[in-house]
Structures are given as structure tokens and as C-alpha cells.
Amino acid sequence: ISHSAPSQQRLQVLLSHINPASLDPVLSTSITSSAFSNGKPSSLVNNHTPPKHISQSLTHQLTSLLDNNKTAEKQAFFSKYFHENSIFVKSRDIFDLDTKQQKELCTKVFIQVVKDLKDIGMENNEQVTWYLFEYLALMSPSATTLYGAHMILFAGALDKQGHESLRERYLEKARNLEIWGCYAMTEISRGSYIRGMQTTADFDPEHDEFVINTPGHNAMKFWIGGMGVVFARLRTKGRDYGIHSFLVPLRSMEDHSPLPGVQIGDIGEKQGRNGISNGYCLFTNVRVPRDNMLMRWAQVSREGDYTPSPKPELAYGALISGRVAVSLCSSIEIKRAVTVAMRYSHTRRQFHSKVSKTQDPKEETLLIDYQTHQARLIPHIATAYAQHFGAHNLQAMNNKFLKELDNLATSSSGELNRQLLADVHALAAGMKATFSQCAADAILDCRQSLGGHGYSAYSGLAQYFNDFAASMTFEGENTVLFQQTARSLLKVFTKCVKGDEAEGLLSFLNEYKQTLQDKCEALEFSDFLDASLMLRALKYRSTKTIADCAKQIKEYVIATGSQSVAWNRTQYDLVNAAKAFIDYYTAQCFIKAINEPQNDPSTKAVLTSLLNLFALQILDRDIGSMISGDGFLKSNHVSLIRRAFLHLCEELKEDSLSLCEAFNLSDNLMPPVALKDCKIYDNLFERVQQVPGHDQRPPYYESILKPMFSGKKE
């Protein structure tokens, strides 16, 4: 394929060289799961019956909707560049690897990904990059983080913030992995509070250099490694100009040893993502040329004079994009976790409960036939769909914002769409926080739904949670991000109360008076199976929570005379207001997806039930805010909402596995207990037999057990 050809053309050529059968993950899987290769029985359980409730037509329709009609294109890319590569096949199963082995494998995967994208000339293709990100996020979270830190944050900072001479010296080297970079922002005592960071960069006009110093152990850089874009306080001519970025080599290009003045080391084991080498770094009089400051915008002259950036907004791109990425990953992780749990619950049988009229009296009851199991898992399917639509709408908004930034960067007179900036900033902060917390909760729920097998490493879910847990703190700690969104909501709401017109994403607050007077007139539980009513309820909840916060803050300011004290005393409710807004926005995105013209009536019906379930679980959980005072709901609605919620869980049970199969997750991405064939016991036992020494005496037999059994004492 010619590298000069347009990327879309190259992708089409790629498609033409792939066997159509490989587009089906069932056919293309590289995991052998149907039989053992060592002569042992191919089935451990005589009464094993595969799930019956899979609608191929529904699954295909939903897959097409989720993939934006590009399913074949995505699957072709994955089949060609992931399923056939032994490095990627190995990376799906790290359950028995120690930290050293995980780091080695993660590094190999990262290098291979960069090489493959460059080989096919698609390293700058935005669509392919997101295909890669989606697959890699499930296959190797450690490699995903490594790719993001180097290619997006480090190389991205050089590209977007670096001046021409710096880009000429280092950008291609970074993209070709001739240098390995990091984003050295976090300090051991500073994370979200960037303005409070203490690392210093003092300009020395005599030598035309910056001198980088760590003023104390509290200021050491933490969680980093490699050559770094270091965030430090720029000081020149006796003035502190705040945090700026500097390219600071940390290790020798000859032998990779730390450079003079650089103290560096590994920070040790983490809860998850141990394939990444994270480190600490302290600087003692480390000198870098003035030209190593990223000076595309803010600059320091040879004489030490400081010129601020004419367009400070240009720094927002990487910040917001990281939060968009976490929102997308959250959606992906819920999809996998609930697919694991759903395949298991449609296969695992427990007790002769006879809860279903269609149940064979000779068989035990499927887990999914129990109401508690339905109510525990099926709402997570609804959340997975809701998050998918919400995150992809955010991604589209962010892409528009990034294009504006690119245009602004090349224009001397252009003006940024500040409304778009305000919208995408508020939405990305709140969505990242809401979605990552929901995903973490879902993974834990799904793990527990597998009972004892959920505690096995080979259910995958414990590892998935440990790897995903970082998402709730990196790219902004969730509680801090919720408050950023709440601040935007409060600002716009106050504006509306004064009679000014709000624009953009929060323009629904212009109708706050009418919304707060809205009342639900439902008489039967079936009245709550109405998408328009659900949207009204979520709109009321969002408006009511921010209106209550505004009232509380005003009262606390009068009582205490302090805006800061008032904010702190309202913090808990502000977080809930941010969540309520994200829930309302997500439901709006869901409605938009339901109304896509490609959906036939039956698909629309299923999606509408999912939307209603998504909303009902929120109302059921947060019923207090909807009833308090002269609220949207009445007290008799509490039982009706619960009944509607349980009704939908039972109604969606028949399609629940089809809804998960629509996520189109290849067996390459799934754990042994949740492969497509649903032979959970065969596959689990086969995987256990691969554990080194699984059928041997323990290595401490001679030193500990044998003396104990023989009665000998040391």
C-alpha cells in the first residue's frame, strides 16, 4: 500500500485483503476453547447447555449503531493487526505474570503498536487511532497508558506547545521512539492543584539557560519516567510567572543512566497497571538551554524578558482530550464486565427453584432467571449503552473544539468559540468523573455476581477493576472534577436568575422556573415506561439540584461572610448537582441514538426500554431529591418507580445476552470464564491446567511441610 495514498484508501485496500470470515470474532478468535489438547474430556459438565436467547438480527442492528456503521472496517483492522500478532495475543492473559514480566510485555506491545501504525502509514489517522485506543484499552491497559503518555501527552506537548526549533530537534525522534518521554506534572504533594506546584525553573541570562530545582522532597515529581516535559515555576528577573513546560532530559542517551543532578527511581507496586514503570524524580541545579522551554506561545527572550501567551486557551486541548479518553474507556470497560457477567449468568445454574414457567423441571435454575440477578446486572447493560452514546457525543464535541484550536494556532486574528470551550470543559470534567465511578461500581458488581468464580483471576474482573481504578484519579481526581462542572452550572444558573440568556449546553436552565414547577402525574407503574417522562424527570432533577445549591451558597455567604466557607459547606450537594447534569445530558444523547433512521421499530423499542431503565435506576436511587418540598414526584410514586424498574429488568432478560453480544467483543479480549461458547467450566479448568506447577507439590514441601508431617522440629 502506497504511503502517499489517502488513509481511507489504504484502509479499503486493507479490507480487501482480509478473508470475510475473519470479520466475525467467533471465527477469527485465536483462543482454542472447545476442547482440551491433552487428551482429557472435552466437556466436564454433562448438563451444559449454551444460552438460547440470542437474536442475531437485533445484535447486528445494535452493533452497526454502536460502530456508526463501520463494523466491518473496525473488525478488519483488528483482525489484521491484533489477532495475528503473538505479542498482542499474549498480552490478553497476564494473570500469572510477575511485575517484571508484565513490564517487559507492556513495553513490547507499545513498541509494536507504534511500529504497526507507522508501517501502514496511519499513525496520524484520527479514526484508526480511536479504533486502536478502544481495542488496546481492553487488551492492555498498561500499554494504553504508555501509548497515551508518550504519543499523546509527551509528543503532543512538543507538537502543540513547542516552538519550531524544539519540534525540529525532538518531535520526529519522539514519534520514532528514538527518545521516550513522559509528562512530569504531578508532584508527591501536589496533583490537582497545579498552581501550587513547587518545582522551579530559574532563568540564568549569563548562560542562556534555565536551572531546574526541586526545593524539597514534597516537590519531587512522582509517577513519571523517561525524558520529561517538566512542569515548573518559571522565574526570571525576580518574578514568578507560574507554571510552564520545559523539556528536561533525565537519562543519558548513551547508557540510560540518570544525568548529573537528576535523582530518579521506580515507585514500586501499584494496585493495577503494573506493566508501566512509574518513577519519582528530583532535580538539583539541572541546566537546560532556554530553547528547551516550550515557547510556541509564552516566551522568554535572550535578555530574560517574559512574554505571556496571547491565547491561553490553547493549553486546554490535551487536558480535555485526556478526560474524553477516560469517558470512552469507562464505557468500554462496562461493556466487557457486563458481558462477562451476562454470559456466566445465562449458563450457570443454581438450585431447583422453578421460578420460570419454561424451565425444564429436571434442570436447575439459571442465575439470570432470579430477580435479584436481573436487577443487579441488566441496569449495567443500560448504563453501558448510555455511556457509549454520551461519550461519543462528547468526543464529537471535543473534535470540533480541537479543530478550532488548530485554526486558532495558525491564525493571528482568529477568535476562539468561548461557548464551545465552556461547554466541552464542563461536560468533559463531569462525564469523566461520573462515567469512571459508574464503571468501577459496575465491574465490582459483575465480579460479585459470579460468586466464588468471580474471585478467580481467570474471571478477569478483579484484574479489570485493579487496572481501571486509576481512572478515578488520573486526568483529574473525580471530586475535584465534579466541582468544576458544578461551578459552570452555578455560574450559568445565577446568570439565568438575573434574567440573562444562557447559551450552549446549559441553555436548558433558561427554563428553570417552568422546570421547577413541573409535576409528574403518573398513576400506574406503566406510566413510567415513557421516555419523554424520564427525560422530564432527569431535567427536573438537574435543575432542582443546582437551584438548591445556589440557594444554600447564598444563605451561607450571608451567614459567614465567606464565599469559600459557603462553597465548602455545599460541596457534597454540588457534586450531586454535577452528577445530575451528566445523567440528564447522557439521557439526551440516548434519545438522539434511538431516533437514528437506521433503527427499525423493534430495535427502537429495545433501546427505549434500555433508556427507561437507565433513568429509572437513577430515580430509584435518588428519589429523595425528586420528592422533597413540592417536588416533581409524589410519595406514592416511590413504589411505582420500583415496580417499573423491576418490570423492565424482567422484560429485558430475554434480550440481555443479545444486547451484550452487540458489543462485538472478540474472545481475544475476554477471560476464560466468558468466551463466546459459554463453556465456563471447561474453559476455566483448561486455563487452570496451564498454571506452572499446578499439579506439583508446593516448592516449600521439603523445607516446611515434610518436617511438619514427620513430626520433626527445627
Side-chain angles (χ1 to χ4, degrees), residues 319-320 322-334 379-380 382-398 401 420 422-442 471-472 475-493 502 504-509 512 515 534-549 571-593 610-611 613-622 625-626:
L319 179 73
I320 293 175
R323 294 169 183 174
V324 174
V326 174
S327 300
L328 287 162
C329 278
S330 300
S331 151
I332 294 166
E333 287 291 351
I334 291 186
H380 291 314
T383 300
Y385 276 84
Q387 286 200 3
H388 176 94
F389 300 132
H392 280 77
N393 272 272
L394 171 61
Q395 182 187 16
M397 186 185 296
N398 187 53
F401 171 67
L420 178 61
D423 286 350
V424 75
H425 179 260
L427 187 59
M431 188 175 288
K432 180 269 179 188
T434 303
F435 282 18
S436 61
Q437 184 62 63
C438 284
D441 292 343
S471 301
M472 291 181 283
E475 299 298 339
E477 195 277 331
N478 281 358
T479 305
V480 175
L481 294 185
F482 279 130
Q483 290 178 76
Q484 289 183 15
T485 300
R487 196 175 296 277
S488 298
L489 287 165
L490 196 63
K491 180 180 177 181
V492 172
F493 182 78
L505 200 63
L506 304 183
S507 59
F508 72 94
L509 291 174
Y512 78 93
T515 302
M534 293 299 95
L535 210 59
R536 282 171 53 204
L538 293 180
K539 181 180 180 181
Y540 174 90
R541 174 172 171 261
S542 179
T543 305
K544 179 73 161 56
T545 51
I546 197 61
D548 287 349
C549 286
Q571 231 172 22
Y572 186 85
D573 291 323
L574 287 164
V575 167
N576 287 331
K579 292 178 182 178
F581 162 64
I582 296 300
D583 290 337
Y584 174 51
Y585 174 81
T586 304
Q588 289 178 297
C589 295
F590 210 142
I591 289 282
K592 178 182 174 184
L610 283 172
L611 166 64
L613 182 59
F614 170 72
L616 284 167
Q617 67 172 325
I618 294 169
L619 300 183
D620 186 56
R621 185 174 60 237
D622 193 25
S625 66
M626 306 291 289

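None of the values given here were measured: they were computed from a predicted structure.
Nearest heavy atoms, Met626 versus Ala537: CE-O, 3.3 Å. Nearest heavy atoms, Leu505 versus Phe508: O-CD2, 3.7 Å. In terms of heavy atoms, Phe401 sits closest to Ile320 at CE2-CD1, 3.8 Å. Residues Leu509 and Leu489 approach most closely at CD1-O, 4.0 Å, considering heavy atoms.
Side chain of Asp620 to main chain of Leu616: no donor-acceptor pair is present (N/O by atom type, distance under 3.5 Å, no hydrogens or angles). When atom types are taken as modelled, the side chain of Ser327 and the backbone of Arg323 share a donor-acceptor pair closer than 3.5 angstrom. A distance-only check finds a donor-acceptor pair linking the side chain of Ser330 to the backbone of Val326 [under 3.5 Å]. Thr545 contributes a side-chain N or O that, together with a main-chain N or O of Ser542, makes up a donor-acceptor pair within less than 3.5 Å.
In this structure, CD1 in Ile582 is found 10.5 Å from CD in Gln387, a value given to the nearest 0.5 Å. Separating the CG atom in Leu611 from the SG atom in Cys589 is a distance of 11.0 Å, to the nearest 0.5 Å. A distance of 13.5 Å separates OH of Tyr512 from CD1 of Ile546, quoted to the nearest 0.5 Å. Once rounded to the nearest 0.5 Å, the distance linking CD of Glu475 with NZ of Lys432 reads 7.5 Å. In this structure, the separation between CD on Gln571 and CG on Asn576 is 11.5 Å, given to the nearest 0.5 Å. One finds the OG1 atom of Thr479 at 8.5 Å from the CD atom of Gln437 (value rounded to the nearest 0.5 Å).
Between the side chains of Ser436 and Asn478, a donor-acceptor pair is found at a separation under 3.5 Å. Side-chain atoms of Gln617 and Thr383 include a donor-acceptor pair closer than 3.5 Å.
Taking the ring centre of Phe482 as origin, the terminal cationic atom of Lys579 falls inside the region bounded by 6.0 Å and 45° from the ring axis.
With ring centers used as reference points, Tyr385 lies 6.0 Å or more from Phe614.
Taking the charged nitrogens against the carboxylate oxygens, Asp548 and Lys544 do have a contact shorter than 4.0 Å, which makes a salt bridge.
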**Request:** Show your reasoning for whether side-chain hydrogen bond (donor to acceptor under 3.5 Å, both in side chains) applies to Thr586 and Asp583.
**Result:** CA-CA 5 Å; Thr586 304; Asp583 290 337; 5.5 Å; no

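A heavy-atom distance below 4.5 Å is not found between the side chains of His425 and Thr485.
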